[in-house]
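Because the structure is predicted, anything quoted here is derived from the model rather than measured. Whatever order the structure lists ligands and atoms in, that order sets their numbers, starting from 1.
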Amino acid sequence: MPPNEQYSDIEDFLSGTSIIEYIERNWAPLKKSGSNFLTLCPFHDDKNPSMSVNEEKGLYHCFSCKAGGNLVTFVKEFKNFNSSEAIKEISDFFGIRLKNINIDFQEDASHKKELYDTNNLVSNLFSKYLLESKNRAKPLDYLEERGFDEKDIVEYNLGFAPKKWDFVSSFFEKKKIELNCANELGLIIKKENENQYYDFFRNRIIFPIKNRQGLILGFAGRTIDDDNPKYLNSKESEIFSKRRALYGIDRFSNLKRGQSKYIFIVEGYTDVLMMNKNGIFNVIATMGTSLTIEHSNEIKKYTDKVIMCYDSDEAGINASFKNIESLYQLGIEVYVLRLPDAHDPCSFIEQYGKEDFVDKAKKSILIIDEYIEYLKDEYIEKNISINELTSNFVSKIKYIKDRIQSDIFINKFISSFGISKKEFEIVFNKEVGRENSMDNSKKVSNLTPEEMILKILIERRNLRNREIMKNFKLMPMSTICKEIISFLEDNIEFEASQIINGIEQEENRNYVSGLIFNSFQTSSDDQINIQFINDCIKKGQINLIKDKKRRINLQLSRNDVIDENEEKKLLQELKILLDEEKKLKK
Ligand SMILES: [Zn+2]
């Protein structure tokens, strides 16, 4: 091959690429900031853009989690690829013809192999114990109760770590194998100030966690007594990251054609196994963590649709709502399947069989519909403002790239809560950090009435008198607003800069500086400011009434849960509110 058919090094290869373009198209928008660009960091739970990207140097750095590198490392981390897969992805994306690259990707391959081998050895040790030991009755009973027999133990490499302190370490010592890998993987732990080790997993059923290729990344151990925690994972290592690992993904190779039109996400390892046992292979579980963007990326390689089948208790429902953000961000459709009578997939299939489960799965509903119903309950039962509720909703759907899909969701929300599109947009734009502007000459502030008052009171300390503060506090407002007012009351003489310095909580401090930097201008004429405050308070009172009306209407619309007397009472309240509103609007 002639020498020019070869990239001399990685820099040479990357010279034909744009890190900005890749990130923008595959992840999130970037904003110019000096000579760099800023974007949300995909490698930690980033709320404000904290990743800086330099196009000329082709590098990125996150100021928060310290992730950094070039486009190859970005793609590796972001897509969970190895080096060659990342190079392939980049050359496909930019249409670069892939020539030979003169780089050594073998750098750490041999050490990784050692780690995989160690996991494999330990996995076999645990399996052997579960299959052959005299003392295996208790773990076997547990597994049998969940519907698994000895054949399954072999099939899924299940094992048992006995109640001993040196089961693993003495095995290694007997075989004269060095302990450094097992230590690095967290399977044994070094005693303080001693050259001795003790076992990490004791008295637990062992589930090996594998990657796509079937190599063991780490382990999960479930107690068979009442030890806490119920589940324990081996520690993170060079080969095991909980942000990426998906239990069950190794068995995707068993998928029949077309079976991955959707993927089930379940909570438990036994759920995955029971479904596998019944020939359902498109199923995964996370390691007790919430679903990360890396997990979603992995899922996206197989499908655009998931069915979440978490437990139907409060924890399971909350977890499923928490997990939709990263899936939506990658354009994955999310359905939800709630099984009856506190069943999980494992116990349900065990009792009713696969056919019933599949029937139920076919009737899965869009999770956004369930989420809106959940928000209705929150709204009726808890005293949260419609703005807070809206911003909760927006946080779930703000990353959806498909405009049609996000419009459908937004319209569902708007019609469920009877708010106007404009009111929704104010919250939406604030949540995504966008200023509300028609055009630059006619900038409209994205502040709520109470935030505008708050801004005035921060900047004009002579207006912080008792009457204004008292009336102001009658308005419905968020917790953060309330906290800042009480800070102002305690520090009535503070200038804006002193306020910023004086607030200890970072979130509140950022909130105040956000208000100060907002495009809404405070007047230098305090007569105008006072008039403005009074108008805002009046508007706030009207909003409060609207809020109460909305709650009542929502309750009335659920006529299956209220009786006749209650209905009468609600209608009366509604009439009083309408009269009050009329008075205020005069
Ligand atoms: Zn970060």
task: Just grab all the ring-ring contact (aromatic ring centres under 6.0 Å, His included) pairs involving residues 14-35, residues at least two apart or on different chains.
output: Tyr22-Phe93, Trp27-Phe78

- request: Report the residue from Val306, Leu255, Asn276 that forms a side-chain contact (heavy atoms from CB on, under 4.5 Å) with Asn282.
  value: Leu255

- prompt: Protein N/O/S atoms under 2.8 Å of the Zn ion (ligand 1)?
  reply: Cys41 SG, His44 ND1, Cys62 SG, Cys65 SG

message: Parallel, tilted or perpendicular, judged at 30° and 60°: which one describes the rings of Tyr269 and Tyr231?
response: perpendicular

message: Can you pull out every side chain to side chain donor-acceptor pair (under 3.5 Å) where at least one residue sits in residues 180-189? Sequence neighbours excluded, please.
response: His111-Glu184

Pairs satisfying salt bridge (charged side-chain N to carboxylate O under 4.0 Å, His left out), at least one member in residues 383-396, at least two apart: Glu325-Lys396

field: Centroid-centroid under 6.0 Å between Tyr116 and Phe240 rings
entry: no

